[in-house]
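Written out below as structure tokens is the structure these notes cover.
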Amino acid sequence: DDIFSAFFGGGFGGFGGGRKKGKKAGQRKGESYSKSIEVSLEDMFNGKDIKMALTRNVLCSVCNGKGSENPNATVTCSTCRGNGVVVKVQRIGPGMMQQVQTACTDCRGTGE
């Protein structure tokens, strides 16, 4: 992807009408993790390795993180109707409207 696709959803042809690509199939990403540590300038220059122990949650292989063995037990989010996004129309001036698309806060963008 180039810089134009990052901002406009496509290359030069994406101006004004670029489309965002859908969610990629595969494993879901977890939240980012950061930890502050003190490192001396000498250790950074020499490329010192530091070992850290982390704990993380792993998706259940039976329910795939849904919380139920029955795959049909999931409920569609009533706020976004299963889309994972909510489109809001905002008035930005006399006779001017703007549509803003944001991730659903109730289902956190999952649609369930």
- Query: At what distance, to the nearest 0.5 angstrom, does CD of Gln101 lie from NZ of Lys88?
  - Reply: 12.0 Å
- Test side-chain contact (heavy atoms from CB on, under 4.5 Å) applied to Asn83 and Val86, Val85, Thr79, the passing residue: Val85
- Item | Ile50 side, atom CD1; Glu38 side, atom CD - distance, nearest 0.5 Å | 10.5 Å
- Query: Is atom CD of Gln90 surrounded by more than 12 heavy atoms (other residues, nucleotides or ligands) closer than 6.0 Å?
  - Reply: yes
- Query: Taking all atoms of both residues into account, what is the closest heavy-atom pair of Cys80 and Cys107, and its distance?
  - Reply: SG-SG, 3.7 Å
- Item | Between OG on residue Ser78 and CG on residue Asp106, distance to nearest 0.5 Å | 6.5 Å
- Item | side chain to side chain donor-acceptor pair (under 3.5 Å) involving Thr102 - partner list, sequence neighbours excluded | none
- Query: Going from CE on Met97 to CD1 on Ile92, what distance comes out if it is rounded to the nearest 0.5 angstrom?
  - Reply: 9.0 Å
- Message: How close do Gln99 and Val89 get, counting heavy atoms only, and between which atoms?
- Response: CG-CG2, 4.1 Å
- For Lys35 and Met52, what are the C-alpha separation, side-chain angles and deciding distance, and is it a side chain to side chain contact (heavy atoms under 4.5 Å, CB included)? CA-CA 10 Å; Lys35 178 156 177 87; Met52 297 174 55; 3.7 Å; yes
- Item | Atom pair CG/CG of Asn46 and Leu41 - distance to nearest 0.5 Å | 9.5 Å
- Message: Within the supplied structure, the quantity of interest is the number of heavy atoms (other residues, nucleotides, ligands) at a distance under 6.0 Å from Phe45 CZ; does it exceed 12?
- Response: no
